[in-house]
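Okay, so here's the structure we're looking at.
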Amino acid sequence: MGAILKNDFRLLWSGKRAGIVIALVLLLVVGAALVSWLPQEQNAPAGERVRIGVVNQDESLYAQMIVGYFTENPVFTAYVSVIIDEEDTIRQQFDAGELDMYMVIPKDFADSMVYLEHLPIQTYISTASTTKALLLKNLMESYVEYITAVEVNCVALYDAARAIGLPKTTAQTANEKLTLELILLIMAKDNFFEKQVVENYTAVRLVPYYLHEFCYLLAAFLALLAGVRFQREHHAGIYRRLAAMGHSAAAILLEKQFFYMLLLTLLFAVLWGALGVAGVTISVAAFGYFCLNVWFLCALMLCLAAAFQKLQNYLLASNMVILLGAILGGGLLPLMYLPENMEKIAQFMPNYWFLKQIFEIENGVMKQEQYIVFGCFGVAILLLLVIGAVIYRKKEGRVYENA
Amino acid sequence: MKMRKRTGFFSDVWCQLVLRLKLFLRDRATVAVFLISAACFLFCMADLNLSAEEKASIPVGLVCLDEGEKAVSLTEELKQASALYVTEGSYEELEERLFDGLLRCIIVIEEDYTKKLQKGNYRNVVSIYHEESDQVASVIGDIVAAGMMYDVCLARGYKAYEKLPEAEQAKYTKEEYKAYVGSLLGAEDFDFAFEFRFVENTAGGQEETKPLENSLFYRQAVAAIAAMLMTLLQLTTMAVLQLERQQGITKRRLLTSMSKGAVFTGNLLANTVCSVLLALLFAFSVGVGIKAAEKIFPIFLISLLFSMGMAVVYYILAQCLKSVLAYQIFGAVWLLVSGISGFFYMAEGILVPELPGLIKALPNVVYLDYFTRLLL
């Protein structure tokens with residue numbers, strides 16, 4: 001087995017293969033550089049990206065306070081940049097696609113609340129980007145509730161005061177006082193909540209989530225190539241000849257597993273090192289866990305390559321296994337957004353366990369459950385090799401004749 | 001003569017189409033893998049599309065420690081909020097889900113919530129447990145506050161009413177006052193404080209579209225996934241052409257005087273026929289999900305056209321590349337790049353900067369754009 005392994009490494013540097021390996025290494029280094037660039041891009045102020053216009057036709061204090069809420073609220077400004085101007089200018093900018101939304105606070109808007117006339121704020125949202133339109137709609141909808149609550153209670157107080165026979169001026173004074181009090185209450189709504197930080201918990205952001213998944217898919221597609229090589233060598237009759245020399249199917253598969261394990265580990269070690277140089281540090285434990293997953297993927301692909309007779313069938317099956325595994329395992333749609341049925345199935349997917357554990361390991365959380373997962377991966381690798389060897393041995397001769 | 005040539009071309013196309021389909025259907029392993037994949041595809045698409053409305057929202061945990069009337073009404077409000085997907089349970093259960101990455105934060109309605117609110121005291125009546133730097137927790141706070149605002153304002157309003165001087169008639173009792181405010185809430189005049197208008201720029205100017213639903217974003221993500229699967233099908237089925245080329249079958253076929261155009265058209269049509277099932281399953285699951293049968297055919301059509309476009313890309317790759325290994329590498333890279341571009345399209349302007357024209361011209365982005373316009 002050692003001789004075959006040595007030969008595989010020697011062949012790696014012959015002909016075009018050396019070019020492929022060098023291209024892969026370069027690709028990984030470029031990838032690492034891109035990854036180190038991404039977080040900077042993410043830190044760019046999001047407020048620059050979503051722009052809204054406000055036309056304030058009401059000069060009252062209340063309207064000023066509402067506008068102030070949009071321009072000074074850190075939650076709002078974190079997502080949106082606000083431009084206040086005349087209606088014509090804002091409308092022109094909206095028509096030119098420079099604004100994603102604009103709203104018109106009508107003249108006497110605040111008075112209408114006090115004097116019981118209903119004057120809604122006209123809000124125009126562009127659907128050029130549906131994502132932005134949805135974000136803005138959701139942000140604005142929560143403010144609808146606030147304004148309705150103020151409006152209804154002010155009207156109720158006025159009506160109730162008049163109903164018991166109080167003069168109009170007294171009812172109006174009480175109404176104005178309550179309106180101001182309730183608007184101030186809205187401004188101070190953060191006081192409703194006691195915000196508590198959950199200790200030892202780090203939420204996974206979307207960008208790192210997808211970057212990890214991308215690395216996993218990259219590893220899966222590289223492991224798939226290992227299966228392609230296996231099939232091609234098999235169809236060329238190489239394993240048949242090795243078998244004649246006394247090498248069993250299990251020994252051949254085991255050697256291939258070692259070879260591709262070492263090769264892919266070396267390739268990803270290059271990526272790991274390049275990331276480290278680029279300033280993105282990943283712990284040894286996390287890299288080790290990633291490698292375990294890579295080894296599992298190699299075993300899975302070799303097992304599939306050993307099981308399928310034709311290369312085209314292997315390609316169809318292995319590609320589908322990778323992509324469906326990513327979909328069902330929460331790789332393309334994060335776990336928290338998966339429907340219940342898919343969430344249950346996800347627990348049987350390697351992709352799910354990779355994503356579930358890697359972030360905990362990166363955050364330095366080591367639980368007993370993780371050792372069980374490591375053990376399961378180890379057992380699965382061995383099982384896949386055994387299954388692959390048994391299937392391969394059964395159809396060994398037939399395949400060679402068909403090739 | 002021309003007529004004969006034309007007939008010959010169509011006959012060649014037909015032969016190639018039948019040959020390709022026969023080869024596909026006669027291979028049991030291929031058919032088995034294809035059917036299993038199609039079944040998985042159907043399961044994913046159906047589950048994702050049917051859950052789109054609830055799962056498009058932010059997943060939060062909710063613990064209600066108060067059994068009072070106001071706490072129950074807030075719980076109901078939060079459950080009905082379109083922006084939130086609420087999971088109820090004990091704090092320990094929900095914390096476990098939070099650590100598993102299944103929740104964004106936990107909202108706890110404190111024990112004396114109802115009592116405090118009735119007294120007009122609203123400070124720290126709800127706790128939000130979240131990650132230290134998570135800004136979404138603030139957005140969730142805004143949504144929860146919207147659910148509380150009516151009760152808080154009512155308590156303040158009644159306090160103000162109590163302070164009014166005595167008049168000719170007796171004042172309303174608290175219950176009567178509450179009932180009166182409640183009756184106003186349902187009145188037409190207070191239906192909305194913002195009048196939303198969704199505007200689409202078209203060639204003929206600006207047009208108003210129907211209101212957007214949160215589920216649209218989720219359906220876009222599902223379409224992006226479906227597009228990747230349809231691309232994958234083309235990658236794997238066109239691999240056969242690459243293998244045939246390696247084995248010299250392609251050259252031998254040309255000896256039969258079959259034109260390259262006929263071979264290309266026949267192969268393209270065969271791949272289109274294979275894609276019909278996936279495109280139909282996807283269109284059907286979206287149509288059922290949005291309860292709009294009339295959208296099924298247009299979605300099916302654009303999905304099929306997208307598949308054909310991808311088949312052309314992979315046909316070119318299969319013709320240009322010399323080995324199946326290179327075909328798989330370039331094919332997978334194209335699959336990932338075009339697939340990621342679809343997700344970038346969705347996050348454009350929010351998570352990623354505006355996309356350059358080149359990325360906007362990628363098939364997945366064009367497909368998603370058409371898909372979105374169809375749903376609007």
Side-chain angles (χ1 to χ4, degrees), chain A residues 49 75 78 118 120-127 129-134 138 140 142 144-149 152-153 156-157 160-161 164-166 178 182 189 191-198 201 203-204 221 228 312-313 315-317 319-320 323-324 327 332-333 335-337 339 341-342, chain B residues 29-30 33 37 40 44 47 51 55 59 83 101-102 122-124 126-129 131-132 134-135 138 141-143 145-146 149-150 153 157 160-161 164 167-169 171-172 181 184-185 189-190 192-200 209 212 217 225 232 236 239-240 325 332 346 349-350 372:
Chain A
R49 293 177 190 159
V75 175
H118 185 66
I121 296 176
Q122 299 291 332
T123 311
Y124 298 84
I125 303 177
S126 165
T127 56
S129 163
T130 47
T131 314
K132 284 182 189 175
L134 281 170
N138 280 309
M140 301 312 294
S142 55
V144 170
E145 301 279 334
Y146 301 166
I147 293 177
T148 307
V152 165
N153 279 286
L157 180 71
I164 57 170
L166 281 174
L178 181 68
L182 294 186
K189 66 178 165 28
N191 293 334
F192 295 1
F193 308 105
E194 190 175 357
K195 289 188 178 156
Q196 305 214 16
V197 173
V198 181
Y201 166 62
V204 180
F221 279 115
V228 174
Q312 68 225 48
N313 292 339
L315 284 176
L316 179 63
N319 278 300
M320 284 292 176
L323 203 58
L324 285 171
I327 297 167
L332 299 187
L333 210 57
L335 293 172
M336 66 171 75
Y337 297 107
N341 291 330
M342 282 177 74
Chain B
T30 305
V33 174
S37 306
C40 292
C44 293
D47 206 19
S51 316
K55 292 301 272 188
L102 299 172
Y122 52 81
R123 276 182 181 270
N124 301 337
V126 172
S127 300
I128 298 179
Y129 293 82
E131 193 223 12
E132 197 168 8
D134 193 1
Q135 245 186 358
S138 301
D142 280 9
I143 297 166
M149 203 53 82
Y150 170 74
C153 290
Y161 179 69
L164 287 176
E168 299 154 12
Q169 290 178 34
K171 280 185 186 171
Y172 290 156
V181 181
L184 281 182
L185 198 64
D189 271 355
F190 304 104
F192 50 88
F194 283 82
E195 198 170 85
F196 290 113
R197 287 180 183 176
F198 291 93
V199 182
E200 187 184 7
T209 63
L212 298 185
F217 187 69
I225 293 171
L232 188 73
T236 48
V240 180
L325 207 63
M346 290 164 54
I350 311 279
T372 310

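Order of the sequence lines fixes the chain letters, A, B, ..., with proteins taken first and strands second; residue numbering starts at 1 for each chain. None of the values given here were measured: they were computed from a predicted structure. What's counted below: heavy atoms across the whole structure, side chains too, no hydrogens, waters or symmetry copies.
A:L324 approaches B:S37 most closely through the heavy-atom pair CD1-CA, 4.0 Å. Listed here is the closest heavy atom pair of A:Q312 and B:V240: CB-CG2, 4.0 Å. Between B:S127 and A:Q196, the closest heavy-atom pair is OG-NE2, 4.3 Å. The two residues A:F193 and B:G141 have their closest heavy-atom pair at CZ-O, 3.1 Å. The minimum heavy-atom distance between A:V152 and B:Y150, with the atom names listed, is CG1-CE1, 4.4 Å. When all heavy atoms of B:V33 and A:A317 are compared, the closest pair comes out as CG1-CA, 3.7 Å.
Among the candidates A:N341, A:N319, A:L332, the residue making the largest number of heavy-atom pairs closer than 4.5 Å to chain B is A:N319. Chain A forms more heavy-atom pairs under 4.5 Å with one residue of B:C153, B:G157, B:A239, B:P59 than with any other, namely B:C153. Of the residues considered (A:V228, A:L178, A:N313), A:N313 shows the highest number of contacts with chain B, using heavy-atom pairs under 4.5 Å.
Judged by distance alone, with hydrogens and angles left aside, the side-chain atoms of B:D47 form a donor-acceptor pair with the main-chain N or O of A:M342 at under 3.5 Å.
The line from CG of A:L166 to OH of B:Y161 is 8.0 Å long, rounded to the nearest 0.5 Å. The distance from atom CZ of B:R197 to atom OG1 of A:T123, rounded to the nearest 0.5 Å, is 9.5 Å. In this structure, the separation between OH on B:Y122 and CG on A:N191 is 6.0 Å, given to the nearest 0.5 Å.
Within the 4.5 angstrom heavy-atom criterion, only side-chain atoms of A:I327, from C-beta onward, approach chain B. Looking at B:T372, the atoms closer than 4.5 Å to chain A (heavy atoms on both sides) all sit in the side chain, from C-beta outward. Proximity to chain B (any heavy atom under 4.5 Å) is restricted, for A:L182, to the side chain, taken from C-beta onward.
Under the 4.5 Å side-chain criterion, counting only non-hydrogen atoms from C-beta, A:F192 is not in contact with B:V126.
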